[in-house]
Protein chains: 2
Amino acid sequence: MTTRTDAPTRREQILREAARLFAERGFHGVGVDEIGAAVGISGPGLYRHFAGKDAMLAELLVGISERLLTGGRRRVAEAAGDPEAVLDSLVEGHIDFALDDRPLITLHDRELDRLRDSDRKLVRQLQRQYVELWVAALREVRPGLPEPSARAAVHAVFGLLNSTPHLGRPGALPGRTAMAALLHRMARGAFAAAAEGQGE
Amino acid sequence: MTTRTDAPTRREQILREAARLFAERGFHGVGVDEIGAAVGISGPGLYRHFAGKDAMLAELLVGISERLLTGGRRRVAEAAGDPEAVLDSLVEGHIDFALDDRPLITLHDRELDRLRDSDRKLVRQLQRQYVELWVAALREVRPGLPEPSARAAVHAVFGLLNSTPHLGRPGALPGRTAMAALLHRMARGAFAAAAEGQGE
DNA sequence: CAGTGTGGTTAGCGGTCGTTAACCTTAGCC
DNA sequence: GGCTAAGGTTAACGACCGCTAACCACACTG
């Protein structure tokens, strides 16, 4: 593993700010001049780093999808043999993501349709594989749950975990670790309830 | 109650199509010409019915928020005295909404920031009151749950229930009544789990 | 110290978009 | 039967936006 301690490159700065702005105001709601201004350069300077506005969004969405999928696969492999542990690890990883990369999570299910056809296909494929990871893990823990229900339950839990962005300003909310624990409990509770009265 | 059986007015047609388009491609991603085309008139003809594109979005968002809040209040009043029934009724009402008015639910937490200041304030206020309804109902059922956690849990369950729009094309999914039952079970399970190990 | 690649700048073009203006048709009414 | 109001039409305007062009400063390198 290459843990990076070096300063972020200009490209990375741009991606971070673009993600934040896209999440706040929507892809079409943000101009290239604003993105440039957010990193201290102005407008067309961005084109030294990216082919265009679309390319930024594409790189963001492909990046998230890949990170989610590879992270998920790693966790499944690490906890292999203990289904409960696999599901817990997936939940934990997703929560870390949702809490630490809010803008990306927001973009992930909001701006997919603004992508070029090929990129959109790629992202959808990665997303689908990630979902399948969860569905398989869930059905190991709850064998009585039919696959369509399992798929719907997984989507619903994604919605639950990704709800963090919609929270107002901090203050009236639990801190990060308490929040993570709360979300984890709720996700497990939701999965358990999904299986009740369903042949289980 | 005035149950309307008459045909929808032109205004209502426009609002319906605008909601669908906004949800699909984002507020800024849809042109007025497209909205017009969707109801069989073209472009500027819309201005006979609305002051502008912003006005359509405003009316949609204020409308949803009001419907959610008044519906919620009615349910709370109807089941008053039985906390469990209140919470169940709120969940049921929200599920009906999420399943039957998908585009509106999508817009509701996605395009709020595109509103004029005054409209945004109004919508936020209505949303806040709706959340408070849920928080109060939840804390009646789970008195051990501190308020910040209850608020976070309510938001998380909204995310869970509103996850329906993100589902791919039908087919590999439970039908409407099964889906409603599944979501209801999961929401109750999530709430129950939120209270565990929390002084309860 | 000339040459070159990197990462900026400003000016401006072409297209799109929301909105307005001006005009037209039809239905209902006195 | 003219008048008016309602609900359309097309043309066009002004603003904005993504992107390109042209130019420039500087750090390295042989």
Side-chain angles (χ1 to χ4, degrees), chain A residues 6-62 103 107 110-120, chain B residues 6-62 103 107 110-120:
Chain A
D6 38 330
T9 81
R10 182 46 42 112
R11 259 184 83 88
E12 290 167 331
Q13 277 184 58
I14 295 172
L15 284 176
R16 264 196 51 191
E17 295 303 309
R20 185 179 54 82
L21 290 167
F22 289 160
E24 277 174 14
R25 300 214 281 284
F27 179 68
H28 293 295
V30 181
V32 291
D33 290 354
E34 293 178 82
I35 304 174
V39 298
I41 74 183
S42 232
L46 295 171
Y47 287 76
R48 299 286 165 196
H49 304 275
F50 293 94
K53 205 180 141 190
D54 300 355
M56 298 181 211
L57 182 65
E59 192 158 325
L60 283 171
L61 291 186
V62 173
L107 289 185
R110 191 164 297 196
E111 306 284 358
L112 181 60
D113 301 313
R114 282 62 166 175
L115 253 49
R116 284 188 7 243
D117 267 28
S118 60
D119 290 322
R120 189 170 56 245
Chain B
D6 38 332
T9 82
R10 179 60 25 124
R11 260 184 82 89
E12 291 167 331
Q13 277 185 57
I14 295 172
L15 284 176
R16 264 195 50 190
E17 295 303 308
R20 186 179 55 82
L21 289 168
F22 290 160
E24 277 174 15
R25 298 214 284 284
F27 179 67
H28 293 294
V30 181
V32 289
D33 290 355
E34 294 178 80
I35 303 175
V39 298
I41 73 183
S42 234
L46 296 171
Y47 287 75
R48 299 285 164 196
H49 304 276
F50 293 93
K53 205 179 143 191
D54 301 355
M56 300 181 208
L57 182 64
E59 191 158 326
L60 284 171
L61 291 185
V62 173
L107 289 185
R110 192 163 296 195
E111 306 283 359
L112 180 60
D113 301 312
R114 281 64 166 174
L115 252 51
R116 283 187 10 244
D117 265 29
S118 61
D119 290 323
R120 190 171 55 244

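Chain letters run A, B, ... following the sequence lines, proteins first, then strands; residues in each count from 1. Computation of the quantities below employed the complete heavy-atom set of this structure, encompassing side-chain atoms and omitting hydrogens, waters and symmetry-equivalent molecules.
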Answer yes or no: is there an ion pair linking A:Glu12 with A:Arg16, defined by an N-O contact shorter than 4.0 Å? no
For a quick test of reading the model: is some side-chain N or O of [X] closer than 4.0 Å to OP1 or OP2 of [N]?
| X | N | answer |
| --- | --- | --- |
| B:Arg10 | D:dG8 | yes |
| A:His28 | D:dG18 | no |
| B:Arg48 | D:dA5 | no |

Measure from [atom1] on [X] to [atom2] on [N] and round the result to the nearest Å.
| X | N | atom1 | atom2 | value |
| --- | --- | --- | --- | --- |
| A:Asp54 | D:dG18 | CG | P | 10 Å |
| A:Leu57 | D:dG18 | CG | P | 13 Å |
| A:Phe50 | C:dG7 | CZ | P | 12 Å |
| B:Glu12 | D:dG7 | CD | C1' | 17 Å |
| B:Leu21 | C:dG18 | CG | P | 12 Å |
| A:Asp33 | C:dG12 | CG | P | 16 Å |
| B:Ile41 | D:dT10 | CD1 | P | 11 Å |
| A:Arg11 | C:dG7 | CZ | P | 11 Å |

Listed nucleotide nearest any side-chain atom of [X], set [options]:
| X | options | result |
| --- | --- | --- |
| A:Lys53 | D:dC19, C:dT19, C:dT9 | D:dC19 |
| A:His49 | C:dG7, D:dA21, C:dT20 | C:dG7 |
| A:Pro44 | D:dA21, C:dA21, D:dG18 | D:dA21 |

What contact category does [X] fall into here, base, sugar-phosphate, or nothing, at under 4.0 angstrom with non-hydrogen atoms?
| X | result |
| --- | --- |
| A:Gly45 | base |
| A:Gly43 | nothing |
| B:Val30 | sugar-phosphate |

Taking the side chain as C-beta and beyond, is there a heavy-atom pair between A:Phe50 and A:Glu59 under 4.5 Å? yes
Less than 4.5 Å apart, any side-chain heavy atom of B:Met56 and any of B:Ile35?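 Side chain of B:Met56 against side chain of B:Ile35, heavy atoms only: contact under 4.5 Å found.
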Shortest non-hydrogen contact from A:Glu111 to A:Gly26? OE2-CA, 3.2 Å
Examine distances only and state if a side-chain atom of B:Lys53 and a backbone atom of B:Gly31 form a donor-acceptor pair shorter than 3.5 Å.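 Looks like no, no N/O pair under 3.5 Å.
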